[in-house]
Amino acid sequence: FWKAESAGKSQNSIEALAAAQKEGFWGSECDVNITKDGVLIVNRDPSIDGLRISDHLGMTLVKHLLPNGSPRPTFKEYLAQAKKYSKSTMLIVELKPQSTPEREDALLDGAVKELKSAHLYSPSNIAFISFSHHICQRIAKEAPEFTNCYLGGNIAPSKLALEGINGIDYSYSVLASHQSWVREAKSLGMCVWAWTVDKRQDIMKMIELEIHGITSNEPLLVRDILGSKELRK
């Protein structure tokens with residue numbers, strides 16, 4: 001995955017997505033939030049200048065810029081770029097936890113609507129991840145064909161599988177200390193990803209555990225390791 005700033009591209013910017021696509025990375029992750037008036041924006045931090053995103057109006061948000069000076073994109077604008085390489089680059093949509101289940105429902109419903117409008121609502125184009133157990137439960141019930149990974153790191157795979165949640169995306173430290181969970185998840189046919197794996201020794205540890213995907217702030221390092229002659233042997 002291409003997840004964050006690299007080569008001067010701000011995390012969650014359209015520029016970073018375009019760079020990931022041109023570099024040929026398998027997936028690019030974006031963090032989707034919802035404003036008070038229901039506008040979906042691509043932004044990781046739940047607050048801007050000390051105010052929660054849910055307290056802002058959509059028109060106010062466009063005045064705020066990403067660290068590289070580019071405008072903060074709406075989800076609709078981000079998807080317009082994602083669509084350009086939809087046959088080769090998976091988009092991993094992280095739906096951020098909200099203050100109430102009702103707001104989380106609005107976020108998920110809005111994301112599905114935008115994805116359908118962009119003709120990207122397909123398991124071959126999109127995977128969902130979230131720290132919200134509620135959001136993952138809804139996806140499992142309403143869209144079981146999509147990859148749907150819970151991020152929290154605090155629930156055993158067997159319990160998630162009973163709820164129809166088909167993947168885990170836990171921090172590398174959790175997976176390293178709960179290696180039985182990796183084996184358990186894989187035996188249940190679940191997807192196993194790790195975040196955020198940024199150091200060479202941690203990347204190698206996750207490869208040794210034979211997990212399915214790595215989210216990293218250092219995508220070029222991951223590609224260098226995966227392409228090494230030593231690993232190919």
To the nearest 0.5 Å, what is the distance between [atom1] on [X] and [atom2] on [Y]?
X: His212; Y: Cys191; atom1: NE2; atom2: SG; value: 6.5 Å
X: Leu40; Y: Asp109; atom1: CG; atom2: CG; value: 10.0 Å
X: Ile41; Y: Thr74; atom1: CD1; atom2: OG1; value: 9.0 Å
X: Leu188; Y: Arg183; atom1: CG; atom2: CZ; value: 13.0 Å
X: Tyr78; Y: Asp31; atom1: OH; atom2: CG; value: 8.5 Å
X: Cys136; Y: Ile168; atom1: SG; atom2: CD1; value: 11.5 Å

- Message: Working note: Leu79 + Leu91, criterion side-chain contact (heavy atoms from CB on, under 4.5 Å); need CA distance, chi angles, decisive distance, verdict.
- Response: CA-CA 9 Å; Leu79 292 179; Leu91 184 63; 3.6 Å; yes
Is the shortest side-chain heavy-atom distance between [X] and [Y] below 4.5 Å?
X: Asn125; Y: Lys83; result: no
X: Trp193; Y: Ile211; result: no
X: Glu94; Y: Leu151; result: yes
X: Ile129; Y: Glu29; result: yes
X: Ile203; Y: Tyr172; result: no
X: Asp169; Y: Ile92; result: no
X: Asn33; Y: Gln98; result: yes
X: His133; Y: Ile165; result: yes

Closest heavy-atom pair and its distance - [X], [Y]:
X: Ala82; Y: Leu17; value: N-CD2, 3.6 Å
X: Trp181; Y: Asn154; value: CH2-C, 4.3 Å
X: Ala140; Y: Asn148; value: N-ND2, 3.4 Å
X: Leu120; Y: Ile126; value: O-CG1, 3.1 Å
X: Met206; Y: Ile214; value: CB-CD1, 4.3 Å
X: Ser130; Y: Leu95; value: OG-O, 2.7 Å

Using modelled atom types and a 3.5 Å cut-off, is there a donor and acceptor pairing between side-chain atoms of [X] and backbone atoms of [Y]?
X: Ser177; Y: Ser173; result: yes
X: Gln179; Y: Ala176; result: yes
X: Ser216; Y: Val197; result: yes

- Item | Lys186 atom NZ, over 12 foreign heavy atoms within 6.0 Å | yes
- Around atom CD of Glu145, are there more than 12 heavy atoms of other residues, nucleotides or ligands at under 6.0 Å?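 Atom CD in Glu145 is crowded, with more than 12 foreign heavy atoms closer than 6.0 Å.
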- Classify the ring geometry between Tyr150 and Tyr170 as parallel (under 30°), tilted (30 to 60°) or perpendicular (over 60°). perpendicular
- Pair Phe146-Val93, side-chain contact (heavy atoms from CB on, under 4.5 Å): steps then yes or no: CA-CA 11 Å; Phe146 282 80; Val93 178; over 6 Å; no
- Query: Step by step, would you call Arg138 with Glu104 a salt bridge (charged side-chain N to carboxylate O under 4.0 Å, His left out)?
  - Reply: CA-CA 10 Å; Arg138 267 204 59 194; Glu104 293 185 340; over 6 Å; no
- Message: Show, in sequence, the C-alpha distance, side-chain angles and deciding distance for Val112 and Tyr121, and conclude whether the side-chain contact (heavy atoms from CB on, under 4.5 Å) test is met.
- Response: CA-CA 7 Å; Val112 169; Tyr121 189 66; 3.9 Å; yes
